[in-house]
Amino acid sequence: MDKKILVVDDEQSIVTLLQYNLQQAGYEVITAMDGQEGKDRAVLEKPDLIVLDLMLPKLDGIEVCKQLRQQKVATPILMLTAKDDEFDKVLGLELGADDYMTKPFSPREVVARVKAILRRTQLMPEPSEDKAEEGSDSFRIGGLRIFPEHYEAYFDDEILELTPKEFELLLYLAKNKGRVLTRDQLLSAVWNYDFAGDTRIVDVHISHLREKIEQNTKKPVYIKTIRGLGYKLEEPKGE
């Protein structure tokens, strides 16, 4: 079955361009011309990925992203912005976008980004009832338990609501428990392409993870910041 992509943009020329190129790449494409319609179609039609413009009528892209995440819709979101504005990019990521691109862009680059995101999510199995089974490929660190095969993570036996990118980051940190990982290493390993040194993407996702597993985000015991170097995930003391 073809992967379904939802394109949300109020510029017909961009919608037509993206629709054509994504269809040529083998994807089914559905479209929306404003934020409200985009949000409704995302909930109703359950696309595999959303290409979402920032500046939209009715609901802007930030609000669409925010509302979808509040409704526990974890569909990967590639956000488009015409403004080369750091605040907009970081805000979008903080609210749950997985990636962003700045206009103008080449259709080929958009297709490449879509493929990269879907490559990480297309092999996700459905949640499993036997998640409690011990397995050599699962990770237990303090109250944290990660099941790579099921794409699930639990903290104190409660399932964590993670976006695909948050899960990938958490898993990579767990696989390298105790090792200091630089932001550039994390960008390369988790995002699979060069963000031209824009390491705020890593910081935003680390912040998201801390909110979900740390009792006190100001004094984290799992994901530690190593000043001037990067981050490491470690066993909390006393565990």
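Positions are given from 1 along the sequence.
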So which heavy atom on [X] is nearest to which on [Y], and how close?
| X | Y | value |
| --- | --- | --- |
| D34 | P57 | CB-O, 3.5 Å |
| L186 | Y172 | CD2-CD2, 3.6 Å |
| A42 | I50 | CB-CD1, 3.7 Å |
| P148 | F139 | CG-CE1, 3.8 Å |
| G230 | V180 | N-CG1, 4.4 Å |
| G61 | L56 | N-CD1, 4.2 Å |

Are [X] and [Y] packed together at the side-chain level, in the sense that at least one heavy-atom pair is separated by less than 4.5 angstrom?
| X | Y | value |
| --- | --- | --- |
| Q71 | K66 | no |
| V114 | V51 | yes |
| Y222 | Q215 | no |
| M101 | V110 | yes |
| K103 | E11 | yes |
| F155 | L160 | yes |
| V202 | L187 | yes |

With the 4.5 Å side-chain cut-off for hydrophobic clustering, are [X] and [Y] part of the same group?
| X | Y | value |
| --- | --- | --- |
| I226 | L233 | no |
| V29 | F105 | yes |
| V43 | M79 | yes |

*asked:* Evaluate I146 against L144 for side chain to side chain contact (heavy atoms under 4.5 Å, CB included), listing each step before the verdict.
replied: CA-CA 7 Å; I146 305 170; L144 182 66; 4.1 Å; yes

What pairs of donor and acceptor atoms, side-chain ones from residues 15-23 against any protein atom, are under 3.5 angstrom apart with sequence neighbours left out?
residue	atom	partner	partner atom	Å
T16	OG1	Q12	O	2.9
T16	OG1	Q12	NE2	3.1
N21	ND2	L17	O	2.8

With distance as the sole test, does [X] use its side chain to make a donor-acceptor pair with the main-chain N or O of [Y] at under 3.5 Å?
| X | Y | answer |
| --- | --- | --- |
| R41 | T31 | yes |
| E235 | I141 | no |
| E166 | H208 | no |
| K3 | L118 | no |
| E214 | K219 | no |
| K39 | L59 | no |
| Y154 | F147 | no |

Just checking, is any N or O donor in the side chain of [X] or [Y] under 3.5 Å from an acceptor N or O on the other one?
| X | Y | answer |
| --- | --- | --- |
| R183 | S188 | no |
| N176 | Y231 | no |
| E63 | Q67 | yes |

*Results of salt bridge (charged side-chain N to carboxylate O under 4.0 Å, His left out) for E37 - residues two or more places apart only*: none

*Take I30 and K4 through the test side chain to side chain contact (heavy atoms under 4.5 Å, CB included) and record every step on the way to the result.*
CA-CA 7 Å; I30 57 177; K4 185 190 297 184; 3.8 Å; yes

*Considering only NZ, NE, NH1 and NH2 on the basic side and carboxylate oxygens on the acidic side, decide whether K165 and D99 come within less than 4.0 Å.*
no

*Salt bridge E234-K224, side-chain N to carboxylate O under 4.0 Å*: yes

*List the steps and the verdict of side chain to side chain contact (heavy atoms under 4.5 Å, CB included) for D60 and L54.*
CA-CA 6 Å; D60 64 27; L54 178 67; 5.7 Å; no

So, taking the atom named [atom1] in [X] and the one named [atom2] in [Y], what distance separates them when rounded to the nearest 0.5 Å?
| X | Y | atom1 | atom2 | value |
| --- | --- | --- | --- | --- |
| T217 | I206 | OG1 | CD1 | 13.0 Å |
| L80 | D53 | CG | CG | 5.5 Å |
| I14 | D9 | CD1 | CG | 4.5 Å |
| M55 | T81 | CE | OG1 | 8.0 Å |
| K232 | T225 | NZ | OG1 | 11.5 Å |
| L209 | L162 | CG | CG | 6.5 Å |

_One pair to check against side chain to side chain contact (heavy atoms under 4.5 Å, CB included): R113 and R108. What are the steps and the verdict?_
CA-CA 9 Å; R113 292 284 183 96; R108 182 178 297 178; over 6 Å; no

*Steps toward side chain to side chain donor-acceptor pair (under 3.5 Å) verdict (T75, R69)*: CA-CA 9 Å; T75 306; R69 294 311 187 224; 5.5 Å; no

*asked:* Quick check on E158: does its CD atom have over 12 non-hydrogen neighbours (other residues, nucleotides or ligands) under 6.0 Å away?
replied: no

